[in-house]
Amino acid sequence: MLKLLKYALYDILKSRFAIIYTFFLVLIAISIYQISDDLSKVSLSLMNIMIMIVPLISAVFATTHFYNNLEFIELMLAQPVKRSQVFLSQLFAVILMLSLSILIGFGLPMLLWGADTSLITLLAVGIMLSAVFAGFAFLASVLTRDKAKAIGISLGLWIYFSLVYDGFVLYIIYSLADYPLEKLTLGLVILNPVDLGRILMLMQLDISALMGYTGAFFKQFFASNVGWLVATGALVIWMVVPNLIATRVFGKRDF
Amino acid sequence: MISVNSICKKFGKLQVLRDFNLRFELGKSYAIMGPNGSGKTTLIKSILGMVLPDSGEILVKGQSIKGNNAYRELIGYMPQIGRYPANMRIGQLFDMMKDMRPKIREYDLDLVTDFELESLKDKPLGTLSGGTRQKVSAALAFLFNPEILILDEPTAGLDPIAVEILKAKIKKEIAAGKLILITSHILNDLEELTNHAVYIFEGEVFFDDTIQSLKEMTDEERFSPAIAKLMQWSLKKNPKNKDLIHA
């Protein structure tokens with residue numbers, strides 16, 4: 001497994017995509033650091049960009065990577081190694097590459113111009129979201145036999161979790177405005193990895209007051225250790241479950 | 001050595017292999033033929049464990065291949081299209097294949113030397129031409145001196161010099177008593193390299209015997225017309241079909 005991962009990394013870290021993505025993230029971080037000296041403003045702006053871009057890039061890149069390497073994956077399946085190892089080596093290589101890009105892309109400017117806990121959380125959330133959406137992408141890839149379809153599904157999931165879901169939540173909140181909604185919204189947040197990432201970030205910043213009573217409730221909940229554990233735990237489940245299902249499907253797939 | 005026992009495989013509604021039975025013996029070389037879509041590749045991929053049959057079993061050296069991966073150490077596989085990670089170097093690819101078979105320490109470097117791959121060691125695989133990639137695939141298939149060689153269209157895309165080198169190597173391995181399966185549409189190559197013909201038609205074994213008996217049966221002296229006749233018979237669905245299967 002580690003051997004296969006080593007060689008998969010040789011390939012992926014040298015890919016043009018990895019270099020462009022890292023460079024792009026560095027550029028974003030540098031320009032946002034230039035705009036403001038206030039670290040919490042910096043992390044808020046970075047978060048808004050990251051929460052849209054990182055899942056999108058992860059989903060698209062992981063799908064294309066899987067399909068570009070399909071023939072090579074087939075060749076590895078003809079070697080005396082376990083199927084799950086072949087799959088996991090590719091998966092971990094993609095997640096590691098995406099994480100490294102974020103660490104370098106956002107981390108280097110942070111080393112230069114300083115960081116606070118919110119920015120460290122930002123890095124962690126970015127890495128977790130990469131893993132979640134790489135998982136979605138690999139799941140979509142093993143379930144289909146067509147690259148275009150797999151990219152379609154990955155993009156669909158990104159649109160759903162980044163845009164559609166929020167509209168859905170707003171609709172529920174408005175139509176049920178007469179009822180106490182804190183617990184319901186809390187539950188709804190846990191069902192969306194992007195929102196979970198956003199909440200984890202926002203709770204590091206002192207802007208939850210802007211979110212009214214629900215915001216205060218969230219602040220109280222997520223600031224407690226239990227709340228923090230629940231949110232992180234839910235995000236970890238979002239990372240593990242799609243990847244586990246994808247590994248299972250890969251084990252039974254025909255090539 | 002390899003026995004395929006009544007495997008069935010469906011892709012969606014398409015029945016690719018139906019109640020398929022074949023035996024491959026060590027020391028023989030088999031030409032696997034059949035029109036496009038007849039199930040050749042599915043058969044090969046089933047033996048390699050890439051396609052999982054719906055029913056039936058495949059035994060390699062008497063052991064079922066289901067849930068087993070160690071048996072693949074015995075097999076050298078050369079795919080029809082070898083595509084490799086673009087940024088990996090040839091040397092790294094060879095190292096990786098060696099790492100996957102830690103028990104094997106002695107390598108068969110004949111093809112690596114003959115194709116002069118050593119000098120290309122540091123070239124990224126993405127920059128190679130189709131023919132060179134095919135050479136890499138061939139060298140990898142023979143690298144571990146496997147008892148079974150499965151070659152899917154081995155000569156396609158190679159230049160004439162390389163084709164001759166590869167053919168000579170295949171003949172050498174046949175003489176050494178290996179089991180060799182070759183699919184190809186180039187009948188001359190097949191006649192030269194194999195002594196056993198397997199003709200698959202619509203997911204069933206239509207013919208399985210020596211090339212000599214194929215010629216006798218079809219009353220042809222040369223291989224290509226004999227195969228052509230076999231194809232005509234299969235298309236006509238001659239009622240005598242079943243009599244053709246001797247083995």
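Letters A, B, ... mirror the listed sequences (proteins, then strands); counts begin at 1.
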Around atom [atom1] of [X], are there more than 12 heavy atoms of other residues, nucleotides or ligands at under 6.0 Å?
X        : atom1 : result
B/Lys10  : NZ    : no
B/Glu57  : CD    : yes
A/Arg248 : CZ    : no

If we only count heavy atoms from C-beta on, is the [X] to [Y] side-chain gap below 4.5 Å?
X       : Y        : value
A/Gln79 : B/Met100 : yes
A/Asn69 : B/Tyr84  : no
B/Arg83 : A/Glu74  : no
A/Ile12 : B/Met88  : no
A/Lys6  : B/Met96  : no

Distance, nearest 0.5 Å, that separates [atom1] of [X] from [atom2] of [Y]:
X       : Y       : atom1 : atom2 : result
B/Leu93 : A/Phe72 : CG    : CZ    : 6.0 Å
A/Ile73 : B/Met50 : CD1   : CE    : 11.5 Å
A/Glu71 : B/Ile81 : CD    : CD1   : 6.0 Å

| Donor-acceptor under 3.5 Å (B/Arg72 side chain, A/Leu77 main chain) |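 Yes; at least one donor-acceptor contact below 3.5 Å.
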| said: Under the criterion side chain to side chain contact (heavy atoms under 4.5 Å, CB included), I'd like the reasoning laid out for A/Lys14 against B/Arg89: C-alpha separation, chi angles, the key distance, then a yes or no. | reply: CA-CA 11 Å; A/Lys14 267 188 262 166; B/Arg89 295 170 196 286; 3.7 Å; yes
With a 4.5 angstrom heavy-atom cut-off, which part of [X] approaches chain A: side chain, backbone, both or neither?
X       : result
B/Phe11 : side chain
B/Asp95 : both
B/Pro79 : side chain

| field | Winner by heavy-atom pair count (cut-off under 4.5 Å) against chain A, out of B/Ile47, B/Leu48, B/Val51 | value |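 If we count pairs closer than 4.5 Å to chain A, B/Val51 comes out on top.
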| Heavy-atom closest contact (A/Asp11 atom, B/Asn87 atom, distance) |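 Distance-wise, the nearest heavy atoms are OD1-N, 2.8 Å.
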| field | Nearest heavy atoms of B/Ala70 and A/Pro80, plus distance in Å | value |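 Taking every non-hydrogen atom into account, O-CB, 4.4 Å.
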| Stepwise salt bridge (charged side-chain N to carboxylate O under 4.0 Å, His left out) check, A/Asp254 with B/Lys45 | CA-CA 9 Å; A/Asp254 290 320; B/Lys45 287 188 167 181; over 6 Å; no
| said: Counting only non-hydrogen atoms closer than 4.5 Å, does A/Lys3 touch chain B with its backbone (N, CA, C, O), its side chain (CB onward), both, or neither? | reply: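 Side chain only.
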| task | Name the region of A/Arg83, side chain, backbone, both or neither, that has any atom closer than 4.5 Å to a heavy atom of chain B. | result |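 Side chain only.
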| Do A/Tyr7 and B/Asp99 have a side chain donor and acceptor closer than 3.5 Å? |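 Short answer, yes.
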